[in-house]
Each structure stands twice: as C-alpha cells, then as structure tokens.
Amino acid sequence: MNKPKRVFLLGASGMGMAPLAFYLRGAGVEVEAFDDYFREPLRTQMQDAGIKVLMEPVPIQTPDCVIRSSAIGTTDSRLSSFRSKSIEIFKRGDFLAKYSNQFKTVAIVGSHGKTTSAGMLSWALSEIDFNFSYLVGGRFKNDFLPMGKFQDSPWMVLEVDESDGTIDGFAPDITVVLNCDWDHVDRYKHKGSVSDVFKNLLSRTRSGVILSHSSSLLPWVKKSKRLKVSTFELEDDSADYMASNRDASIACATMMGADVDQVNFKKFPGMERRQSTLFEDANRLILEDYAHHPTEIRAFLADRRKKFPDRWMKVVFQSHRYSRTKAFAESFAEELSVADELNFLPTYGAFENYDAEGDAEALSGYLPPRLRATTKIFADYPSFMKDKIGTEDKSISDQILFLGAGNIEGWAHAFAAIHHRKGDRVSAFSYFLKDRLSHKCVLRKDESLASKTTMRVGGTALWYAEPKHTEDLRSLVEASNYYSIPRVMLGRGSNLIIPDEGYDGLVLRLRGEFWKEISPRSDDSFIVGAGARLNDICKLACQQELVGFEFLEGIPGTLGGALRMNAGAMGWEIYDLVEWVSFLLPDGSIREIPGNQLNIGYRFCQEAKDGIALRAKLKAEGRSDHKAIRSAIEELAQKRRSSQPREASAGCIFKNPEEKSAGWLIENCGMKGERVGSAVVSSVHANFIVNEGGATAEDVISLMQKVRRRVNDETKITLEPEVGLLGKKWKDQLS
Ligand code: FAD
C-alpha cells in the first residue's frame, strides 16, 4: 500500500487513532482529524504537530482515504458522503495492517500489558537512538514521548489489538506474545479463540517470535522450526508482571539487533493510567490503574499488597462493558476479594446496551459475604465524596486504588485533587483542571461581573471561565459536577441582573473566535456559534442578501442567550430561524436537536435551560436585494432609537401580560421616572429600568418590587420578570 497524501481520521482522539495521527503527520501526510470529544492536552498536541483538528466531521480538502476508529460503525451517517464519492474508508486496524506490511514490523500482542510493553520497548530503543517508528496505544507519563512517531526506518513497533478482529490482517516481522487470556467475549466466544488468533498471527510472522516460557503456543512454534524463538520468564508471582514486560521488551530489542544492555529500565517513565500514583502522604496513597480483566486485577492487587502489606487496601472498581463483567463476574469477585474495602461504580458500558447481569449490583452478588455486606455502589461522584471525605479513620494508613478502563479516571483525579488541596473543594476545582484546559482557556477566581452585563450592577463570581472550545467547556462542566460547584451561562449579559453578593459558583462565558463563528452554507443558512453577536449575524445575512434576520438588529445579546430566552422583536422570534441547535447536556454528551422538537415558549427554551447551547443552524426565509434588506434594518433601528433608552439597562424588565404590554401598564400607573438610588424607570420606555450610574442590584430589585406592587394594586395584574437574576429565583426576591 502506498502512503496516502491526505487522510481524514474520524474518531481521532482514541488511544488507537491518536498515535496513528502523529505517525502519519510525521511521515509527511496531511492529516485532518475529527472526534466528538477531544481532551486536552491531546488537542493542542495534535495542533502543535500540524494536524488539523476539525470542529465538524467534514474535511477541508478531499482526502485520499478515510480512517475510522473501531468505535465508529460502518453504518455511521458521517461516512456516507465519502462513500458516495468513492473515497476508500478503512477501519484503523485494517489500514495499519495493510500499510505496515511493507515494513519490518514488530507486533506486540497479548491480553494484558501490551501498552506498557510497547511503551517500554519504544522508550528503550529511543534511549539508545535506535532508528525506528512506533505506535503505542497510550500516553507516556508526563508525555515523555509522543504516542506515535515516524522515522525513516524499515522498523516499525506496533501495539496490535485483538479486540476488533483487524489483527488478522497483520504479517509482522517479529511478534511478541505477552500472554493469552480469554477476553472480549463479544467477539471471542470460547476460551481457545484468542489463542487461535495469536497462533494465526504467528503463522504469518516472518522471522521471529518472543514468548513466555510457559506459553501454550511455545511447543507449536518450536515444532514449526520456521521462526527464531526467544523466551522470557512469565513470573509465577503475578506481582512481578512489570519484570515480565521488561524481559519481553529486552528480548525483542535484542532480536531487532538493538543493544539495550546499558539502558536503566528503572528510569522508564511508565504509561498514563498504569500504576500511577496520584497522591501520597504518610497516611494515604492514591493510585489508579487501567486493570479491567480479572488477571490484571490479580496482578495489580498482589503487587500493592507486596509493596504495602500494612496499609488498609481500599479498592474503587468500575467494570468495563457489561459483556465482560457478566462473563467473568465470578473471577472478578474472587480477585477483588483480597481488598479490605470495596467500592463499585456503575459498569462503564462503552458501546454496549445496559444489561442488568453485567452491572455493579449483579457483580456484588458474587462477593463473599464479608464484602457483600459492606461493598458500596456509588451512582455519582458527589455521593462518593460525601462518603469518603471527612469520614476516614486517620489512625489507619491506607491505599486507595482506582481500577478500571472507563471514566473512573476522572473520579480518581478529582479525589486526589481534594487531597492535594487539603480538603478545600474550591481550590481542588482548579487543581483538577490545571492539565485539562487548553493554554488559552481563561479561568479566574473572584471575577467581577458587573462590567460583563449591560445593566452594570452586581458582584463577583467565585469562578469565571472562558473556555476556548467544546473540550474546555466539557472539562469545566465535568469539574463542576465533581465538586458540586453550581454553574451558569453568561452571554452578553443583556438580559441579566447580577446580585450584589455575586455568584457562588462557576460562570461560563463563550468568548473568542471558536464560539463567534458564523459560517454560511450553500442552502441559504448559517451555522452559528453560541457566542456570536446577534448584530453580527444580522449584518452578515444582509451582506449575503438573506432575508429573515433583520429583527436581530438592536438586540444586544449573543446567540446562546437568544436561544435560551427565545429572543424576539417586531413579531419575530429566534426559533423562526432555527433548523437545529446542538447542546452540551449536563452528563457531558452533545445532542443536536431539530428546532421543531424543542420545548419553547415566550422568552423560554427548556433545552437551553437544562443544557448549554453550543451552535445552531439558522435558515433564511428567502433572498432579497441587499439594499432592500438594509433599509428594513435601518427602519427597525430607527424605531428602537426613538422608543428605547440609551442608558445602561437589561432591556425589558417584565414580560408582557396577555391583557396589555408591561410598558403601557407601568406608564399608566404613573411610574416613569420612579427611582431607587440610581435605578430609574426610564422616561423613554416604562418597561426599562436604567442605571444612571452607580446603581446596585439591590436598587434595581427594590425598584422592580415597587413597580410590581403599584401595578398590582392599581390593575390587579401581576407582572413577571423577563430579565434573569443570576443564580437566584425571582420568586424568592419579589414578594
Ligand atoms: P444573557 O443576558 O447573558 O443571558 C440570558 C440567559 O441566557 C441567561 O439565563 C443565561 O444563563 C442564558 N445563556 C446564555 N448563553 C447561553 C448558552 N450558550 N446556552 C444556554 N443558556 C445560555 N430581548 C428580546 O427578546 N428582544 C428585544 O428586542 C430586546 N431588546 C433589548 C434591548 C436592550 C437595550 C437590551 C439591553 C436588551 C434587550 N433584550 C431584548 C434582552 C436581551 O438582549 C436578549 O434576551 C438576549 O437574547 C440575551 O442574550 P445575552 O447573550 O445577553 O444573554
């Protein structure tokens, strides 16, 4: 297979795809990459390496081929446009198998330890400046080396995964079989099937094989006499699995002709999520490990017991996939039973549907009575924190081990951050986030908010953030969930009153190029970021001769605020234009919802209240001449200028009741010019309260009370606020 010139990677942030992206870019290929979820620092690292990280699954240039992650199915709708253009689509493993067959490939396979061993071998060869390329399915600790690297060399070291069936396409020069246990039961239906797959790989291997002394494949390999064979000791004591990984790596390097005798393997930085110490003091050790198979759990826990026999061992376990949990429930329970205390998180399903027989509850049923009675199952992180922090027995030193391959990593790091910050939840929040946000993301404490609103009143936010892209936003939302820090969105602040006492939580504001983008489409529509100004959308629509956006002129907000408020004017509402809105939901998922399925009402949208509006597709009513649109806009602007005050305000304060407009009612109660401090009922429009300079939120709220009472006394109509009160409910403020 020839090297492609341009590729598009779909699902590019996974631990299989990301190394491939780095490798291909290094090899001079133009790489465009998309994923629904890129984490930092990976996104920045990719950009720094010259990979184009896209915000939509649509490459800028037509690629020679598309490579999809094995998590993306063949029927995924994002692939159809490539298929219609006859662009070849590869599953990641299939591409790599075809591509690597032209090299002297070293395939590292096994049910456990392949990331560590591939990492160890790549690190050792790098230490002696051996010329080779590599792809490892995990991050080196502290990003000591990249996950994938190209060098102009015949040698290519690969971690080859057996889970998705693509292993059948590889024909390596050297194969390292670390071990062979039954796993991935959705694909491999019986115990011997994994071993059959490895055997087939060995029959395609060209020159050499490295196996453990005790491997069941060894007699078969020896009999064939075709391959050079080297063996390593698979330690009987499962606690010494790192020694086995090292011996296998050394044997492989030697077979490649590399002399790693002088390499000090004690300096191996290790791989992320593998035996990683997250916190350590005299009383407590917190570690995380990727172990998610009974054999791995046995080895890891044996190692911990051996190293710290006197520490009380607390295990927090998240099983990975219902199918695996169900198939190995008895073995999981047996291996986990060496713990002194057990805590379960709900099973991480990956792409599987919920199956009660594979959930944490079912798994706990297999535990011995001693543990069954005490094991706790936590549905969410705050309840875990509440149970664990402040309730610990300080006289016992312990080790807390977070095990699993799902999203337990976030729990482990959030828990460790609380320890690093001596139990201070507020500073743990920023400690947890320090490596998870992009460099340009703003995160500040005690930020003044008044100047970020049009009314210009109010206090500070405990935390204030300007995420630079969706990943930043998602990390901030995740952290606020972990630490039970309430959060709220701030747009242009043109419909908000900030209380004088500020907001005791996280204020999120979508500022910057990413959120402001207004991207014209060929079907007379725009895809618009939630941070775009309504005025800018109106201006661009006019330039493009698109009709329907004129009413946005003069509404001083952002699209996000307008979607939340269903902003409108002159008989139009924003949802008249909306084809779909994409939201970040509280659980971290992103959903694109068609406009006609949204729950909207007068100055209200339920989905934007529950989630965060990220972007929307706005479609024009039709086309017209630029000059005609311009003059319609000018007419509306003129009306605004003559009917609305110029001073600082938050727009209309009260919603219009059915009977009459709020402005008419207030004016007819003789309240124009009424004031509390520097907050005044506008003499231009009675439904505006203006800040003449120096008003407080309390002034504004007291004036609202006064107006409401008078209107109610005189007309029996109760005015309801249209303007929002950040972090508070009006019903608690207005009697
Ligand atoms: P903000 O005031 O910052 O926030 C409003 C609400 O939206 C808050 O609850 C906030 O949490 C939420 N929010 C913000 N961003 C998001 C997001 N991305 N996802 C989910 N929720 C989010 N309004 C009209 O409808 N018609 C008018 O004609 C009009 N004229 C006005 C004239 C003046 C002079 C002023 C000061 C205001 C006027 N307004 C008008 C009110 C205001 O401009 C609109 O409601 C506007 O849409 C608010 O947008 P914003 O970005 O300022 O939102």
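One-based numbering along the sequence shown. Every value quoted in this text rests on a predicted model; they were computed, and no experiment measured them. Read the numbers this way: they start at 1 and go in the same order the structure lists the ligands and their atoms.
- Between Ala530 and ligand 1, a contact under 3.5 Å exists for no N or O pair.
- For the pair Asp36 and Arg78, the salt-bridge criterion is met [side-chain N within less than 4.0 Å of a carboxylate O].
- Contact annotation: for Arg492 versus ligand 1, heavy atoms closer than 4.0 Å belong to both the backbone and the side chain.
- Near Gln644, meaning under 4.0 Å from one of its heavy atoms, ligand 1 places the atoms 32 (C).
- Distances from ligand 1 to the non-hydrogen atoms of Gly724 include no value under 4.0 Å.
- Side-chain contact check for Arg487 and Asn481: at least one donor-acceptor pair (N or O, by modelled atom type) lies under 3.5 Å.
- Proximity of a side-chain donor or acceptor of Tyr482 to a complementary backbone N or O of Phe432 within less than 3.5 Å is not detected.
- Ranking protein heavy atoms by distance to atom 31 (C) of ligand 1, first place goes to Pro556 CD, 3.6 Å.
- In Lys706, the NZ atom is crowded: over 12 heavy atoms of neighbouring residues, nucleotides or ligands sit closer than 6.0 Å.
- Under 4.0 angstrom from ligand 1, the non-hydrogen atoms of Met489 come from both its backbone and its side chain.
- Residues Asn407 and Gln318 bring a donor and an acceptor atom of their side chains to less than 3.5 Å of each other.
- Closest to atom 8 (C) of ligand 1, if we only count protein heavy atoms, is Leu496 CD2, 4.1 Å.
- The pair Glu720-Arg708 meets the salt-bridge criterion, with a side-chain N (NZ, NE, NH1 or NH2) lying under 4.0 Å from an Asp/Glu carboxylate O.
- Among protein heavy atoms, atom 30 (N) of ligand 1 sits closest to Arg640 NH1, 3.3 Å.
- Across Gly529, Gly561, Gly611, heavy-atom proximity to atom 14 (C) of ligand 1 is greatest for Gly561.
- One finds the CZ atom of Arg675 at 13.5 Å from the OG atom of Ser702 (value rounded to the nearest 0.5 Å).
- With respect to atom 24 (C) of ligand 1, the closest heavy atom belonging to the protein is Gly568 O, 3.4 Å.
- Closest to atom 3 (O) of ligand 1, if we only count protein heavy atoms, is Gly491 N, 2.6 Å.
- Protein heavy atom in closest approach to atom 40 (C) of ligand 1: Ile555 CG2, 3.7 Å.
- For Glu573, the heavy-atom gap to ligand 1 stays at 4.0 angstrom or more.
- Note on ligand 1: Met455 sits outside its first shell, no heavy atom being nearer than 4.0 Å.
- With a 4.0 Å heavy-atom cut-off, ligand 1 is reached by no atom of Lys609.
- Within the 4.0 Å heavy-atom criterion, neither part of Cys652 lies near ligand 1.
- Scanning the protein for heavy atoms near atom 7 (O) of ligand 1, the closest one is Arg564 CG, 3.1 Å.
- A donor and an acceptor atom, one from each side chain of Asp472 and Ser475, are nowhere located under 3.5 Å apart.
- Residue, atom and distance of the protein heavy atom nearest to atom 5 (C) of ligand 1 are Met565 CG, 4.0 Å.
- Considering only residues two or more places apart in sequence or on other chains, Ala648 meets the side chain to side chain contact (heavy atoms under 4.5 Å, CB included) condition with Arg456, Asn691.
- Considering backbone and side-chain atoms alike, Ser494 places an N or O below 3.5 Å from some N or O of ligand 1.
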